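Step one of this worksheet: look at the structure below.
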Amino acid sequence: RRAGFDVRGGLNKTVFQDNEEALIKIRSTQPAYLHVFSVTQDGAVTLLLPNKFVERNQIAPGQEVMFPNDTLRALGVRLRVTLPKGAKKAREYIKVIATRKPVNLVGTDASTDVFKTYTGGENGMIQDVIKRLAQLEDEDWNETTLPYEVRP
């Protein structure tokens with residue numbers, strides 16, 4: 001729907017066992033700034049990228065980005081999928097939004113946490129993202145969704 005600008009991604013698996021590690025690969029056809037979110041079955045949203053360790057979220061055309069990369073993994077940053085308590089399985093997804101210009105989609109946060117999580121009841125963050133994307137021209141951003149399932 002946005003001519004000449006494509007962002008693609010993939011996960012190392014589409015079905016994970018509880019507590020397995022997820023790895024995300026992302027590629028863009030244009031220079032882009034990446035914003036990566038994890039969305040759980042209960043509606044909680046975690047901003048994965050940019051984060052405390054990776055503030056520079058720009059990628060070159062055709063460059064494949066792995067998240068978390070080896071450097072982050074060496075620092076102990078891992079993406080572990082977890083099954084919600086009492087659930088037999090969960091359907092969750094990673095949302096990747098790429099913008100042509102540097103945009104702060106979620107505002108500023110003074111938190112010292114590596115990742116900022118917004119619970120399902122905190123609609124402000126999602127509204128901020130939608131509002132900031134609406135201010136961009138259609139050709140200046142694109143997105144992709146990477147669904148996955150978690151089982152015991």
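Quantities reported herein were computed from a predicted structural model and do not represent experimental measurements. Count residues from 1 along the sequence.
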(Q) According to a hydrophobic-cluster definition based on side-chain heavy atoms being under 4.5 Å apart (Ile, Leu, Val, Met, Phe, Trp, Tyr only), do Val45 and Val103 belong together? (A) yes

Taken to the nearest 0.5 Å, the spacing of Gln63 CD from Leu34 CG works out to 8.5 Å

Does Arg80 pair with Glu20 as a salt bridge, N-O distance under 4.0 Å? no

- How about Tyr148 and Phe16: are their ring centres within less than 6.0 Å of each other? yes

Membership question, hydrophobic clusters at under 4.5 Å side-chain separation (ILVMFWY): are Leu72 and Tyr33 in the same one?
no

*asked:* If hydrophobic clusters are built by linking Ile, Leu, Val, Met, Phe, Trp and Tyr wherever their side-chain heavy atoms come under 4.5 Å apart, do Leu48 and Met66 end up in the same one?
replied: no

For Pro50, is there any backbone N or O sitting under 3.5 Å from a side-chain donor or acceptor partner on Asn57?
no

Q. Near Asn19 CG, under 6.0 Å, is it more than 12 heavy atoms from other residues, nucleotides or ligands?
A. yes

Between Thr144 and Gly9, the two heavy atoms sitting closest are CG2-N, 4.1 Å

- Item | Salt bridge present between Glu139 and Arg100 (N-O < 4.0 angstrom) | no

For the side chain of Thr29 and the backbone of Asp6, is there at least one donor-acceptor N/O pair under 3.5 Å apart? yes

**Message:** Can you tell whether the side chains of Asp18 and Arg151 come within less than 4.0 Å, N to carboxylate O?
**Reply:** no

Counting distance only, does the side-chain N/O of Arg132 pair as donor-acceptor with the main-chain N or O of Asn104 below 3.5 Å?
yes

